[in-house]
Amino acid sequence: MCPSLAFVAIVEKNSVTIAICVAPIRTLTSPLLRLSAASPCGTKSTVFGCLLRSFENRELSVRLRSSSSLDARNSRGRMNCCAQVGAEAGGSAPFLTDHTTLIDSVETFIFDCDGVIWKGDSLIDGVPETLDMLRSMGKRLVFVTNNSTKSRKQYGKKFESLGLSVSAEEIFASSFAAAAYLKSMKFPTDKKVYIIGEAGIQLELKQAGINYIGGPEDGDKRIDLTPGQLMEHDHDVGAVVVGFDRYLNYYKLQYATLCIRENPGCMFIATNCDAVIHLTDAQEWAGGGSMVGAIKGSTKKEPLVVGKPSTFMMDCLASEFNIKTSQICMVGDRLDTDILFGQNGGCATLLVLSGVTTLETLQSSENKIQPDFYTNKISDLLAAKKVTTNA
Amino acid sequence: MAQFRSEATASASLLTNPAKLIDSVETFLFDCDGVIWRGDVLIDGVPETVEMLRSKGKRLIFVTNNSTKSRKQYGKKFEMLGLDVTEEEIFSSSFAAAAYLMSINFPSHKKVYVVGESGIQLELKQAGINYLGGPEDGDKRIDLSPGQLMQHDPDVAAVVVGFDRYINYYKLQYATLCIRENPGCMFIATNCDSVAHFTECQEWAGGGCMVGAIKGSTQREPLVVGKPSTFMMDHVTSKFNIKTSQICMVGDRLDTDILFGQNEGCATLLVLSGVTTLETLQSADNKIQPHYYTPTISELLAAKDLANGLHSSLL
């Protein structure tokens, strides 16, 4: 069991001076420390090397979340990085108490949608006010969802119908990610995509100028396996894209299987592998992981996953908005997609308990994924509104 | 009596001396799809081969991972194809699922949810086990309107998943709810075959597809009762009181049939009349080598004209 600690250390190394103040975990009012170092040639590894050595003898490991690099625009070579210090082995993520410091330490918030913003078609309490507050504090908001049933444009309409002002450009859905991936690797124009999924994937492929077949239209096709039955398939299918599909049937499973097994080089792309999702607000429903699992079972191949926790969408939005991932806080309800996505990208991570993950799961000994913080729902961030000074 | 090593580490040899193989075992275990038939079409030379082996006093057993039929229904299929095979000689994975549940004393007040076809239902009924689901749920649609909640039976204590041509989201969700929310609910798979010759014309996505779907939504591994699990082998050897070293397993699939035979120390013969090609067998990626391979089981007919009583040990 790692002890709480309280000490101040001044470390000097290679002309880098760092002041570190660490207090017992429970008394920390500012668990997120902002360290400043002035150095003509400081590097991340040097700074972190110092931090680690200073803690070596205290049998405490330091989890350094952020990535940072010399701010080339600062002529004095000032480096800023954020480090969270806390008990690592045996410790679970702390409950978020200093909302202001977290908000101040990043410039962008990425929000998952299902279980964070809404459940099914019902808005979670306090969401509109929270988003308004963050925007008024100058934060960029981006919404990243693994749910491929809608396109970005359709999600824009959903936000609108729920009274939230969010534009399609601020939304990154895994339906969009599939199309963006195919564009990025120059999917040949004479090839087609076979879709196991819903309208969202079709619309994004159409938007990207990519030919496709399958989707909801194949939902009524039946296979009877009568003697002599043979299923033909299009030999120009160069990729199968699989996402959540409430109209799944054996026709689609067999068609996709034939394409992957028999068309040379045919790709197997998954929008996401989420086991369950809150398709309605009333309960969890089998997710995209089910459809992807089915095709894994018949082809014995692993898919290329474009949705969380793969960093493809993170790379897309970081490039689109020209933002550093160390300046992002990822907020989600699922450990193995949202939080891992944030960690893989080097962001701060905040788990909310308004979706599929319970406190029990987070704190269970089997759980290996610990966010930086957890809170009940995103409207807890509203506590920052009442604070008048920065930490 | 020849002993067989449980693992053939060398490359499989083409079967050139069928008489020697036949004389060295007392029982032949045959897979069905791709060995005896493809879809509903008998493979050439099968009736003669079966007759020849019986005339040499060999015990014949048919072990299939295909759970769409019960043993009784398979008996009728054999009959329709002109083969004299009794129900007691057939072990299907539908039967294996019911036999497994009986062997663990599945409580009589509990139920099974079936993602699969009538074969599983008939075997469960035969074993006196209550069930719901199956083909009847094939027409059910999901309503995902706001507030919609799917109820599920809290008495379901096992979900049995096998090949299901009528698979739909209703069944996937029902099975998922039972496994995730009913304490101790078992996840049983009849088999995980990726593809199978459900018609003679091509390969079709197999039971591995349906099992993969439930693995994806529950993040749990199933207990597999079909090949290559040894459950059916243990059942067969116990029922007929036979040693596995006295058995030759004949199948068309490396990762089920041949592994099934190898796991228990049987001789193994791969036929190329089903899902496996010579190229796949000999590929560097393939780690499963049977003792022998041959185009179809009718190659065994070459033994018909040789005298009995060859005494030699197999290489």
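Just so it is clear: chains get the letters A, B, ... in the order the sequence lines come, proteins before strands, and each one is counted from 1.
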Asks: Look at the side chain of A:Ser290 and the backbone N and O of B:Ala213, then say whether any donor-acceptor pair between them is shorter than 3.5 Å.
Replies: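 Yes, because the side chain of A:Ser290 sits within donor-acceptor range (under 3.5 Å) of the backbone of B:Ala213.
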Asks: Looking at SG of B:Cys209 and CG of A:Leu248, how far apart are the two atoms once the value is rounded to the nearest 0.5 Å?
Replies: 8.0 Å
Asks: Please round to the nearest 0.5 Å and tell me the distance separating atom CD of B:Gln148 and atom CG of A:Asp281.
Replies: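 B:Gln148 atom CD to A:Asp281 atom CG measures 10.0 Å (nearest 0.5 Å).
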Asks: Which atoms of A:Leu258 come close to chain B, meaning under 4.5 Å heavy atom to heavy atom: side chain ones, backbone ones, both, or neither?
Replies: side chain
Asks: So, do B:Phe163 and A:Tyr250 have ring centers that fall under 6.0 Å from each other?
Replies: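 Yes: the rings meet the under 6.0 Å criterion.
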Asks: Could you walk me through whether B:Leu144 and A:Trp285 pass the side-chain contact (heavy atoms from CB on, under 4.5 Å) test, one step at a time?
Replies: CA-CA 10 Å; B:Leu144 286 171; A:Trp285 295 79; 3.8 Å; yes
Asks: Measure from the side-chain N and O atoms of B:Arg165 to the backbone N and O of A:Asp224, and report whether any donor-acceptor pair falls under 3.5 Å.
Replies: yes
Asks: Is it the case that atom NZ in A:Lys153 sees more than 12 heavy atoms from other parts of the structure closer than 6.0 Å?
Replies: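 No - once you tally the heavy atoms of other residues, nucleotides and ligands closer than 6.0 Å, there are 12 at most.
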Asks: Chain B heavy atoms under 4.5 Å from A:Ser122: which part of the residue, side chain, backbone, both or neither?
Replies: neither
Asks: Okay, side chain of A:Gln283, backbone of B:Leu149: is any donor-acceptor separation there less than 3.5 Å?
Replies: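 The answer is no, because no donor-acceptor pair under 3.5 Å joins these two groups.
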Asks: Counting only heavy atoms closer than 4.5 Å, note whether A:Glu262 contacts chain B via side chain, backbone, both or neither.
Replies: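 Contact with chain B: none, neither part.
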Asks: Strictly distance-based, threshold 3.5 Å: is any side-chain N or O of B:Gln202 a donor or acceptor partner for the main-chain N or O of A:Leu230?
Replies: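 Not confirmed, B:Gln202 side chain does not pair with A:Leu230 backbone.
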Asks: Checking heavy atoms, do the side chain of B:Asn168, its backbone, both or neither come under 4.5 Å from chain A?
Replies: both
Asks: What part of B:Arg141 gets within 4.5 angstrom of chain A, counting heavy atoms only: side chain, backbone, both, or neither?
Replies: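 The answer is the side chain of B:Arg141.
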Asks: Which bit of A:Asp121 comes within less than 4.5 Å of chain B, counting heavy atoms only: side chain, backbone, both or neither?
Replies: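 A:Asp121 touches chain B through side-chain heavy atoms alone.
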Asks: Quick check: does any side chain N or O of A:Thr280 sit under 3.5 Å from a backbone N or O of B:Gly147, one acting as donor and the other as acceptor?
Replies: no
